[in-house]
Amino acid sequence: MIRLLALPGSLRKASWNHGLLRAARDAAGDGITVTIHLLEGIPLFNQDLEGNPPEAVRAFKRAVADADGVLIATPEYNYAVSGVLKNALDWASRPTREQPFSGKPVGIISAGGRFGGLRAQLQLRQIGHGMGMLMMTRPELYVDQAASKFDAQGNLTDTATRDAVAAYVQALAAWTQRLA
Ligand SMILES: Cc1cc2nc3c(=O)[nH]c(=O)nc-3n(C[C@H](O)[C@H](O)[C@H](O)COP(=O)(O)O)c2cc1C
């Protein structure tokens, strides 16, 4: 069994990126579980607290540590990852001796406007490099023109994109297994 932890970088109720991860969970199939962990409730990072972080941060770090691999769906905010996601990753990166992303297989997907979150993904790859994530490079999944591919509740309705998400989950599970 490959256990993937899925992190939406958006807190929005009808988030496209959260919807992508629900589609990933639905598509997981035999031998793979996808568990979505919301970043809700994680306070702003304060280095004074890194040795004794709040419970929401401990729970987040435990969930990452316990997973075999991680799937991050990031929104693009002003050509970058969301502050919500970056803040959570900053907490997870400290203290450096307890850094659950280091050596962890990670996949990155995104949904957005014209470029489907491409610029945010590139920035997240830089952050992941800094944190020692073992990022999968192929396949890539950028869901562009997302407004026409999700319903008003943020559920992915586009069949071709659902197939691409299913293929991505299979590839990430294989990547995770390869690095186990
Ligand atoms: C502060 C802010 C900045 C944004 N900047 C971009 C951007 O640079 N590129 C883009 O494609 N979409 C941008 N958007 C639109 C987001 O892609 C859109 O709000 C999307 O729904 C966010 O992801 P979510 O549905 O998972 O919450 C921006 C949205 C917000 C709120």
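These numbers come from a predicted model, not from an experiment. Whatever order the structure lists ligands and atoms in, that order sets their numbers, starting from 1.
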Self-check item: Qualifying ring-ring contact (aromatic ring centres under 6.0 Å, His included) pairs with a residue from residues 88-108, counting only residues at least two apart or across chains
Solution: F45-W91
Please tabulate, one pair per line, all N/O donor-acceptor pairs under 3.5 Å involving side-chain atoms of residues 134-145, not counting sequence neighbours.
unit_1	atom_1	unit_2	atom_2	d
E140	OE2	Y142	OH	2.8
D144	OD1	K149	NZ	3.0

Quiz item: Distance only, no hydrogens: is a donor on one side chain within 3.5 Å (strictly under) of an acceptor on the other, for S110 and Q121?
Solution: yes
Every pair of nitrogen or oxygen atoms between ligand 1 and the protein that is under 3.5 angstrom apart - can you list them with their distances to 0.1 Å?
unit_1	atom_1	unit_2	atom_2	d
ligand 1	5 (N)	E76	O	3.4
ligand 1	5 (N)	N78	N	2.8
ligand 1	8 (O)	N78	N	3.1
ligand 1	8 (O)	Y79	N	2.9
ligand 1	9 (N)	E76	OE2	2.8
ligand 1	11 (O)	G113	N	3.3
ligand 1	14 (N)	E76	O	3.4
ligand 1	21 (O)	R12	NH2	3.4
ligand 1	23 (O)	N17	ND2	3.4
ligand 1	25 (O)	R12	NE	3.3
ligand 1	25 (O)	R12	NH2	2.7
ligand 1	25 (O)	W16	N	2.8
ligand 1	26 (O)	S15	OG	2.6
ligand 1	26 (O)	W16	N	3.4
ligand 1	26 (O)	N17	N	3.1
ligand 1	26 (O)	N17	ND2	2.8
ligand 1	27 (O)	S10	OG	2.7
ligand 1	27 (O)	R12	NE	3.0

Quiz item: How about R58 and N52: does a side-chain donor come under 3.5 Å of a side-chain acceptor?
Solution: yes
Quiz item: Under the side-chain contact (heavy atoms from CB on, under 4.5 Å) test, which residues partner P75, sequence neighbours left out?
Solution: S10, N17, Y77, S82
Quiz item: So how far is it from T161 OG1 to D163 CG, rounded to the nearest 0.5 Å?
Solution: 8.5 Å
